[in-house]
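All ligand and atom numbering here is 1-based and tracks the order in the structure.
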Amino acid sequence: MATALITGSARGIGAAIALRLAKDGYDIALNDISEAMFENNDIMDKIKAEGVQCEKFICDVSNYAQVEETVKAVKTRFGTIDVLVNNAGITRDGLLARMSEEQYDTVIAVNQKSVFNMSKFVGNVMMRQRSGRIINLASVAGLYGNPGQMNYSATKAAIVGMTKTVAKELGSRGVTCNAVAPGFIKTPMTDKLTDAQKEAMINQIAMKRYGEVEEIAGVVSFLASKDASYVTGQVIEISGGLMM
Ligand code: NAP
């Protein structure tokens, strides 16, 4: 049985990806930063109902040592790690003039260093297996910029460069690395926006609606599938035509 590890997967896009990969037949290693994220939460039950194994691994993905231990634990529990989805991410928005150093550093650590940490340790497992799929969550903010998100857009632009670098370094070992760049997707992250901000965004989207988490999960499922075996180093925008 193949195994998929999805970071930040207690809720939102990560939970939808985990459920979709369970439907595709993967055993699932869930991750989130605290045990509390799994309380009053039926994601593990939903995944197990698909007839696959599911375990949660609590760890702060920005912490190098914790990630090393977690990857070891996932490998011990499941034997292989075939798909890594670097999904965990946060926002700490503010206009540049008012953004604090703490707001900047926290977002860089969680959104960007986490991708280094996870790709390094899971990449080593995949290189030894001579196969694997790494899929990173970028964002349209990293491709086009977004006012109030200098920290966030920096990390998402970095993820594009990291994706292409990992694709070049690990390609000869049978490991692909791609990114998806969502636009505005209905999750707790975007619920925080004001009604005025939401309306302004919808006006710029060709399809005149927000995306659903399942619409991200479907593309991730494709990138993890045999059909995407010759796709690497690519960034696929999933934004309903936000920018063209
Ligand atoms: P979300 O609902 O906030 O879920 C993110 C999950 O990651 C949360 O459960 C969060 O836990 C967890 N997490 C945060 N810091 C972590 C850490 N240090 N270690 C482990 N887990 C951590 O976000 P989402 O909207 O599903 O977004 C998922 C990914 O898609 C992110 O990378 C985001 O940047 C990207 N994205 C989202 C959108 C969108 O419209 N929603 C658009 C473009 C890109 P806590 O709640 O405890 O922090």
Under 4.0 angstrom from ligand 1, any heavy atom of K186?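 Contact absent.
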Measuring from [atom], which candidate in [options] has the nearest non-hydrogen atom?
atom: atom 3 (O) of ligand 1; options: K192, M189, R11, Q66; answer: R11
atom: atom 36 (N) of ligand 1; options: F184, Y210, Y152; answer: Y152
atom: atom 5 (C) of ligand 1; options: G14, G183, G89; answer: G89
atom: atom 47 (O) of ligand 1; options: M201, M118, M37; answer: M37
atom: atom 37 (C) of ligand 1; options: I185, T187, V61, I13; answer: I13
atom: atom 29 (C) of ligand 1; options: V107, D60, N87; answer: N87

Classify the side-chain pair [X]/[Y] by whether it contains a donor and acceptor separated by less than 3.5 Å.
X: K23; Y: S221; value: no
X: T7; Y: N31; value: no
X: Q66; Y: D60; value: no

Report, in ascending order of atom number, the atoms of ligand 1 lying under 4.0 Å from any heavy atom of [X].
X: T190; result: 39 (C), 40 (O), 41 (N)
X: C59; result: 19 (N), 20 (C)
X: A88; result: 7 (O), 21 (N), 22 (C), 32 (O)
X: A138; result: 44 (C)

Non-hydrogen side-chain atoms of Q53 and M1 separated by less than 4.5 Å: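 No; the side chains remain at least 4.5 Å from each other.
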Who pairs with I90 by side chain to side chain contact (heavy atoms under 4.5 Å, CB included), at least two apart in sequence or on another chain?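 Here the qualifying residues are R92, T106, V107, V110, N111.
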N/O to N/O below 3.5 Å, does that happen between [X] and ligand 1?
X: G12; result: no
X: S62; result: no
X: V110; result: no
X: S139; result: no

Run the numbers on V74 and T70 for side chain to side chain contact (heavy atoms under 4.5 Å, CB included), then give the verdict. CA-CA 6 Å; V74 175; T70 298; 4.3 Å; yes
Nearest neighbour in protein (non-hydrogen) for [atom]:
atom: atom 21 (N) of ligand 1; result: I33 N, 3.5 Å
atom: atom 13 (N) of ligand 1; result: D32 OD1, 3.9 Å
atom: atom 14 (C) of ligand 1; result: I90 CG2, 3.6 Å
atom: atom 7 (O) of ligand 1; result: G8 CA, 3.3 Å

Heavy atoms from other residues, nucleotides or ligands near CE of M150 exceed 12 (cutoff 6.0 Å):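 Open: at most 12 neighbouring heavy atoms sit under 6.0 Å from CE of M150.
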In chain order, what residues pass the salt bridge (charged side-chain N to carboxylate O under 4.0 Å, His left out) check against R11, with sequence neighbours excluded?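 Listed in chain order: nothing, the list is empty.
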Out of the candidates L223, N87, V219, I17, only one should pair with I135 under the side chain to side chain contact (heavy atoms under 4.5 Å, CB included) rule; please name it.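 Only one option passes, and that is L223.
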Are V213 and L19 co-members of a hydrophobic cluster defined by side-chain heavy atoms under 4.5 Å apart?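 Result: yes, single cluster for both.
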Can L84 be reached from V231 by stepping across I, L, V, M, F, W or Y side chains whose heavy atoms are under 4.5 Å apart?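 Hydrophobic grouping puts V231 apart from L84.
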Proximity to ligand 1 by part of T91, non-hydrogen separation under 4.0 Å: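 Neither; no heavy atom under 4.0 Å.
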Got a salt bridge between K120 and E68, using NZ or NE/NH1/NH2 to carboxylate O under 4.0 Å?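 No.
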